[in-house]
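By convention here, the first residue in the shown sequence is residue 1. Values below: all heavy atoms of this structure, side chains included; hydrogens, waters and symmetry mates excluded.
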Amino acid sequence: MSENCVHAIFLKSSIALSALLVVSLAMFVPTFVSSYPAGPGDFPPSFVDVTSQAGIDFTCTVDERLSDIGCGATTADFNNDGFQDIFLPQYLGPNALYLNNGDGTFTDMAFVAGVALPDSRSQGACAADYDNDGWIDLYVTGMGQNHLFRNLVRGLFREVTSFAGADGEGLRGSGCAWGDYDGDGFVDLVVTNWISEPNEAVGRALLYHNQGNGTFEEVGLSLLGPATTGAGFQPVFVDYNNDGRPDIYLVNDFGMFFQPNTLFRNEGPGPDGRWRFTDVSQETGTNLAIHGMGIAIGDYDRNGLLDFYVTNMGSNFLLQQRSDHTFASMAGPAGVQRTRLEGFVQVGWGAFFFDYDNDGWLDLYVVDGFLLALVTNSFTQPNGLYRNNQDGTFTDLSDLSGLGDRGRGRGGIYLDIENDGLLDVLVANVDQPAILYRNVGQGGNWLRLRLQGSQSNRDGIGAQIRVVTRGQSQLAEMMSGTSHMGGQGPFVQFGLGSARVADLLEIRWPSGAVQRFHNVPVNQILTIPEAGKQGRGNLR
């Protein structure tokens with residue numbers, strides 16, 4: 001183990017210990033809900049723990065000093081029944097695949113589905129249809145061995161890791177994300193790696209190019225360069241500058257010792273046809289030298305540009321994107337910094353933007369939890385729910401919401417358990433049960449989209465979607481792989497407040513095709529096939 005690595009781990013432990021001593025789709029039948037005024041605060045959050053009733057019984061267990069970094073969570077509709085399922089990786093023992101029964105309950109089908117991996121040390125996962133056959137596949141990261149599972153039909157999987165050539169190269173796989181960086185119609189895969197054990201070498205991000213025949217070629221070092229070397233926790237594909245090409249952002253732990261967070265701008269093909277990326281971290285202000293843990297992506301201020309929220313040990317960062325595609329650090333002014341919690345330094349992990357009350361403005365949820373090796377079992381930190389005030393600031397409603405879980409949080413995702421239009425929350429904890437919270441509050445109208453690419457990748461990952469109601473615009477990007485070692489599968493939901501129709505729905509596909517729909521009724525789930533370069537296509 002290198003001297004730098006020893007020093008970094010010692011310092012990280014010292015920071016936490018010092019803080020502890022300071023006491024200061026296919027077409028679904030539309031589901032309708034009542035409409036309400038769209039002002040902030042009109043819909044008080046109300047979430048209830050339905051873990052037991054839902055049939056979720058899962059605890060992510062660990063056994064080593066530096067093994068409690070994982071325990072992610074991923075959601076996707078793996079069996080195409082119109083309801084979102086849940087995958088939970090397990091470090092010691094079998095993973096869980098909870099298939100949604102459509103009535104508010106789930107059944108663990110991991111062994112039947114072939115994704116249990118009882119003898120592997122799994123940490124994270126991400127889901128996408130990599131072979132464009134209409135069934136969402138699954139990639140699982142872990143200690144020394146990652147696994148790619150092809151969905152054969154209805155959530156029955158076959159492992160194809162060896163054939164595909166995407167095993168993680170014996171590193172310690174942490175986060176992963178899917179995106180089609182070269183626009184060839186097949187999603188590629190980026191994987192981050194943390195400090196490997198037993199030799200504790202620093203990891204390296206891997207970029208797997210999908211060759212369209214079921215196999216992948218690792219091109220990370222050749223296309224991204226040496227800035228991929230770092231203690232990576234979570235990568236994302238995101239078209240931050242709206243040029244139609246997915247860029248890559250890496251969230252790194254120990255950034256002050258190894259590699260800070262890094263943003264690679266996608267430049268497209270060069271004269272020789274080879275794809276090019278440029279490290280623009282410094283010029284954009286995204287080169288955070290922190291203990292980066294997780295990331296949320298969303299246009300929280302509705303200026304048509306995607307913003308980043310990055311979790312950390314200590315102060316979290318809200319990176320607001322400006323018109324010149326640089327980012328300003330706004331966590332403090334926005335009220336979402338979370339530097340200290342109840343007198344102790346906070347340790348943030350998963351995070352996501354979501355509109356819990358469907359008022360048309362993205363709210364924020366942050367998962368916290370101390371490292372097990374540094375605290376007693378009795379020490380906890382609350383997770384945070386922040387309501388968007390529609391003026392660039394947020395209000396902390398954690399204590400009022402029912403979401404202020406005090407477990408040892410790591411992963412966090414949102415989903416809609418029963419397709420009622422109100423987004424629910426799942427939190428994955430370390431050595432404690434995962435918790436499923438149902439949203440039982442009131443909310444405005446909404447619209448949810450799944451895409452079916454033809455020229456683009458099947459899930460439409462990388463598509464940018466704009467909804468306009470009453471002259472107000474919202475932007476979202478179809479993504480797969482965010483938060484901390486997990487994230488939502490490929491779907492997008494817009495809250496629309498009291499609007500009865502979406503005046504305009506515009507989809508800019510990865511292929512370059514643009515589809516526009518007018519006067520779209522609200523409170524429904526739509527699956528939209530890709531049309532030609534311009535056109536209306538079909539709403540199904």
Side-chain angles (χ1 to χ4, degrees), residues 19 40-41 43-45 47 233-234 236 238 240 249 251 255 261 285-286 288 290-303 305-322 326-357 359-370 381-406 409-414 423 425 427 437 474-476 482-484 487-488 495:
F43 312 135
F47 290 81
F233 264 146
Q234 182 63 44
V236 290
V238 54
Y240 82 95
Y249 190 55
V251 176
N261 291 359
T286 56
L288 304 176
I290 61 174
H291 291 293
M293 307 288 199
I295 185 168
I297 303 287
D299 182 13
Y300 79 92
D301 55 358
R302 301 209 322 196
N303 69 347
L305 299 168
L306 295 172
D307 311 299
F308 301 171
Y309 184 82
V310 182
T311 56
N312 180 35
M313 175 183 281
S315 299
N316 294 341
F317 289 81
L318 176 62
L319 300 179
Q320 179 189 45
Q321 189 175 175
R322 299 176 287 201
T326 62
F327 291 79
S329 183
M330 299 298 292
V336 293
Q337 199 165 32
R338 287 179 77 83
T339 302
R340 305 183 70 79
L341 294 175
E342 301 178 352
F344 297 90
V345 64
Q346 76 99 39
V347 184
W349 299 87
F352 51 82
F353 288 108
F354 76 136
D355 189 354
Y356 76 84
D357 55 0
D359 68 350
W361 294 82
L362 291 176
D363 311 297
L364 176 66
Y365 189 65
V366 184
V367 178
D368 281 274
F370 259 93
Q381 288 191 323
N383 298 342
L385 176 67
Y386 294 89
R387 184 193 66 210
N388 193 324
N389 297 324
Q390 306 182 12
D391 60 1
T393 68
F394 293 79
T395 298
D396 187 349
L397 298 181
S398 308
D399 293 337
L400 302 175
S401 66
L403 285 177
D405 174 46
R406 290 177 172 273
R410 292 298 183 268
I413 55 175
Y414 63 85
L423 295 175
V425 171
V427 175
Y437 295 97
Q474 299 181 59
L475 173 71
T482 54
S483 192
H484 175 75
Q488 288 63 235

Donor-acceptor under 3.5 Å ([X] side chain, [Y] main chain):
X: Gln474; Y: Gly495; answer: yes
X: Gln381; Y: Val347; answer: yes
X: Asn389; Y: Asp391; answer: no
X: Thr311; Y: Gly294; answer: yes
X: Arg410; Y: Gly369; answer: yes
X: Gln320; Y: Ala328; answer: no

What's the spacing between [X] [atom1] and [Y] [atom2] if we round to 0.5 Å?
X: Tyr414; Y: Asp363; atom1: OH; atom2: CG; value: 11.5 Å
X: Phe317; Y: Met330; atom1: CZ; atom2: CE; value: 13.5 Å
X: Ser483; Y: Ile295; atom1: OG; atom2: CD1; value: 10.5 Å
X: Gln234; Y: Asn261; atom1: CD; atom2: CG; value: 11.5 Å
X: Arg302; Y: Asp307; atom1: CZ; atom2: CG; value: 13.0 Å
X: Leu364; Y: Phe353; atom1: CG; atom2: CZ; value: 5.0 Å

Check against side chain to side chain contact (heavy atoms under 4.5 Å, CB included), Phe354 and Ile413: CA-CA 10 Å; Phe354 76 136; Ile413 55 175; over 6 Å; no
Heavy-atom closest contact ([X] atom, [Y] atom, distance):
X: Leu385; Y: Ser401; answer: CD2-CB, 3.4 Å
X: Asn388; Y: Leu362; answer: ND2-O, 2.8 Å
X: Tyr356; Y: Leu397; answer: OH-CD1, 3.6 Å
X: Tyr386; Y: Val366; answer: CE1-CG2, 4.3 Å
X: Pro382; Y: Arg406; answer: CD-NH1, 3.8 Å

Candidate list Thr286, Val251, Leu318, Asn316, test side-chain contact (heavy atoms from CB on, under 4.5 Å), partner Val310, passing option: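 Of all the options given, the one that passes is Val251.
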Option from Tyr365, Tyr309, Phe233, Phe352 for which ring pair (Phe, Tyr, Trp, His ring centres under 6.0 Å) with His484 holds: Phe233
Side chain to side chain donor-acceptor pair (under 3.5 Å) partners of Thr482, counting only residues at least two apart: none
Any non-hydrogen side-chain atom of [X] less than 4.5 Å from a side-chain atom of [Y]?
X: Asn383; Y: Leu403; value: no
X: Ile297; Y: Phe308; value: yes
X: Leu305; Y: Phe327; value: no

Aromatic ring proximity, centroids under 6.0 angstrom, Phe394 and Tyr300: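 They qualify: ring centres under 6.0 Å apart.
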